[in-house]
Protein chains: 2
Amino acid sequence: MARDSRTTKSSLLRAATDEFAAYGIAGARVDRIAAAAGYNKNLIYVHFGSKEQLFDAVYEAAVQEILEAAPFDAEDLPGYAGALFDFHHAHPHLMRLSRWHSLERHGVLLPVAEKANSAKLRALAAAQGEGKVDAGLPPHLLLALLVALAGTWAEGGPEPLGELVGAAEIAARRHAVVVSVGRLTRPGAPGRPLPGTFTS
Amino acid sequence: MARDSRTTKSSLLRAATDEFAAYGIAGARVDRIAAAAGYNKNLIYVHFGSKEQLFDAVYEAAVQEILEAAPFDAEDLPGYAGALFDFHHAHPHLMRLSRWHSLERHGVLLPVAEKANSAKLRALAAAQGEGKVDAGLPPHLLLALLVALAGTWAEGGPEPLGELVGAAEIAARRHAVVVSVGRLTRPGAPGRPLPGTFTS
DNA sequence: GAAGTAACTGACCATCCAGTTACTTCACTG
DNA sequence: CAGTGAAGTAACTGGATGGTCAGTTACTTC
């Protein structure tokens with residue numbers, strides 16, 4: 001095996017991603033990560049410093065990947081939600097990482113995520129201003145709801161015992177997400193307009 | 001301290017609930033639980049058998065509590081979602097327990113939860129049949145989305161860094177959940193009727 | 001090909017931690 | 001009040017685990 005610290009580091013990172021996604025921070029084993037990557041445990045400490053810092057590196061990479069995978073489009077929110085759904089379905093371990101992070105690190109947002117988030121909020125507010133998105137709810141609430149909908153069946157949600165989930169069911173879920181986001185965001189509230197502000 | 005195995009057991013259970021909610025199964029420490037309850041570690045093994053079984057007991061109790069706290073009403077789904085939201089806000093540790101469970105135990109539903117769930121599905125289907133709830137989505141998908149919406153800001157969701165969440169924001173979130181569920185479930189789909197089935 | 005350096009390894013260690021064992025204390029009963 | 005069984009405790013065990021370090025290997029430079 002050629003000696004290249006870059007590939008070594010990325011091998012370790014990949015193995016660590018799997019391990020942390022499967023077991024969380026507390027449950028992950030440094031030895032297992034090293035063994036899975038086919039390197040000595042010490043290299044983890046050389047490259048990343050500690051188990052915790054290794055998790056940080058893993059998590060940051062995962063966040064980057066998620067952010068890139070589903071580009072935000074304030075004018076097609078159902079499409080965005082669908083893309084998110086697809087991504088979660090294709091990469092369940094990233095959603096798991098995110099859930100571990102929120103539980104074991106009290107969900108503090110990374111600067112990258114924070115930045116991406118406020119960009120989304122601006123775009124959403126603009127779309128609402130132009131009447132392209134229903135303005136009944138403030139952007140930050142609407143965005144959160146939308147993301148929650150897209151992640152409803154992402155790994156970490158309760159799954160019926162043992163039942164295998166077929167392609168038809170997946171398609172149905174995706175459809176449900178897309179339809180629901182459409183209903184939440186399509187301009188012109190159904191029935192009466194929403195109450196003026198959001199103070200219950 | 002009077003010697004009563006029932007109170008001892010429930011003290012241990014309460015301490016364990018806090019510990020597991022805070023650290024999950026892998027992160028929880030049996031010694032800490034015993035110390036917090038003010039009893040000897042061995043009593044945990046006497047009463048519960050093992051750390052894993054202790055978690056099971058904790059989780060089952062939590063599920064019971066959640067099920068009782070928010071009675072399902074298929075004819076007032078926004079109200080149900082609101083009640084769920086309130087419960088999550090009042091008892092964030094129970095939601096955390098639930099998330100730990102789904103991550104560390106791959107989210108296998110307890111029999112109690114499974115039973116309660118199918119009762120809800122039947123009620124929902126009936127309400128849809130009577131035209132009281134929009135029938136554009138099958139009950140199991142609708143219910144999942146609804147629960148996801150109610151739990152959007154439950155502990156475990158991403159929280160903006162350091163920002164304190166005031167009462168007004170909480171009220172706004174609650175309102176957003178209630179309004180959204182209303183939109184998803186109010187009979188008579190906005191705009192055109194939904195496509196016949198849910199095969200994407 | 002000698003000198004120097006970065007990548008890498010195996011063995012080790014202090015500590016942690018779930019679970020066990022041997023013992024003591026208490027409440028109650030006949 | 002002696003005896004008994006349940007409740008409770010302190011001390012211990014053995015395996016796992018995060019982290020360290022002296023030393024080796026592969027590669028580069030001169």
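Only this structure's heavy atoms are used, side chains among them; waters, hydrogens and symmetry mates stay out. To find a chain, count down the sequence lines: A is the first, B the second, and so on, and within it residues start at 1.
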Item checked: Within residues 49-58 of chain A, residues whose heavy atoms come under 4.0 Å of DNA chain C -> none
Check: Rounded to whole angstroms, how far apart are NZ on Lys41(B) and C1' on dT20(C)?
Finding: 9 Å
Check: What integer distance in Å separates Tyr45(A):OH from dA7(C):C1'?
Finding: 18 Å
Item checked: Pairing nucleotide - dG14(D), Watson-Crick or G-U, each distance under 3.5 Å -> dC17(C)
Notebook entry, point to check: Reckon Ala28(A) touches a base, only the sugar-phosphate, or nothing at all at heavy-atom distances under 4.0 Å?
Noted result: sugar-phosphate
Margin query: What is the distance, to the nearest angstrom, from the CD atom on Glu19(A) to the C1' atom on dG18(D)?
Written below: 13 Å
Note to self: Under 6.0 Å from the ring centre and within 45 degrees of the ring axis: does the NZ or CZ of Arg96(B) meet both conditions for the six-membered ring of Tyr23(B)?
What the structure shows: no
Next item on the list: Rounded to the nearest 0.5 Å, what's the gap from CG on Leu124(B) to OH on Tyr80(B)? Could you check?
Entry: 9.5 Å
Item checked: Validation row: His47(A), Ser5(A) side chains within 4.5 angstrom (heavy atoms) -> yes
Next item on the list: Answer yes when Arg99(A) and Glu104(A) have at least one side-chain N-carboxylate O distance shorter than 4.0 Å, and no when they do not.
Entry: no
Check: Between Thr185(A) and Arg183(B), which heavy-atom pair has the shortest distance, and what is it?
Finding: N-NH1, 4.4 Å
Check: Is the shortest side-chain N to carboxylate O distance from Asp134(B) to Arg186(B) below 4.0 Å?
Finding: no
Check: Does Thr8(A) have a side-chain nitrogen or oxygen under 4.0 Å from the phosphate oxygens OP1 or OP2 of dA7(C)?
Finding: no
Notebook entry, point to check: With a cut-off of 6.0 Å (strictly less than), are more than 12 heavy atoms of other residues, nucleotides or ligands near NE2 of His91(B)?
Noted result: yes
Note to self: Any non-hydrogen side-chain atom of Leu142(B) less than 4.5 Å from a side-chain atom of Gln128(B)?
What the structure shows: yes
Margin query: Heavy atoms only, 4.0 Å cut-off, all strands: where does Ala26(B) land among base, sugar-phosphate and nothing?
Written below: nothing
Next item on the list: Give the rounded distance in Å between these two atoms: CZ of Arg6(B) and P of dG8(D).
Entry: 13 Å
Check: Quick one: which of dG8(D), dG18(D), dC17(C) gets closest to the side chain of Arg29(B)?
Finding: dC17(C)
Enumerate all atom pairs, one protein N or O and one N or O from nucleotides 21-25 of chain C, separated by less than 3.5 Å.
unit_1: dT21(C); atom_1: O4; unit_2: Asn42(B); atom_2: ND2; d: 3.4
unit_1: dT25(C); atom_1: O2; unit_2: Arg3(B); atom_2: NH1; d: 2.8
unit_1: dT25(C); atom_1: O2; unit_2: Arg3(B); atom_2: NH2; d: 3.4

Item checked: Out of dG18(D), dC8(C), dG8(D), whichever nucleotide has its closest atom nearest the side chain of Leu43(B) -> dG8(D)
Check: When the distance from OH of Tyr39(B) to C1' of dT9(D) is rounded to whole Å, what number comes out?
Finding: 13 Å
Check: Watson-Crick or G-U wobble partner for dT29(D), using a 3.5 Å limit on both distances?
Finding: dA2(C)
Check: Quick one: Asp31(A) CG to dC12(C) C1', roughly how many Å, whole number?
Finding: 13 Å
Next item on the list: For the pair Arg105(A) and Glu52(A), find out whether any cationic side-chain nitrogen is under 4.0 Å from an anionic carboxylate oxygen.
Entry: yes
Checklist line | Closest nucleotide among dG19(D), dT20(C), dG8(D) to the His47(B) side chain | finding: dG8(D)
Notebook entry, point to check: Is the NZ or CZ atom of Lys9(A) positioned over Tyr39(A)'s six-membered ring, under 6.0 angstrom from the centre and within 45° of the axis?
Noted result: no
Next item on the list: Quickly work out the Ile44(B) CD1 to dA7(D) P distance and round it to whole Å.
Entry: 16 Å
Note to self: Just N and O in the side chain of Ser5(A): are any of them under 4.0 Å from OP1 or OP2 of dA6(C)?
What the structure shows: no
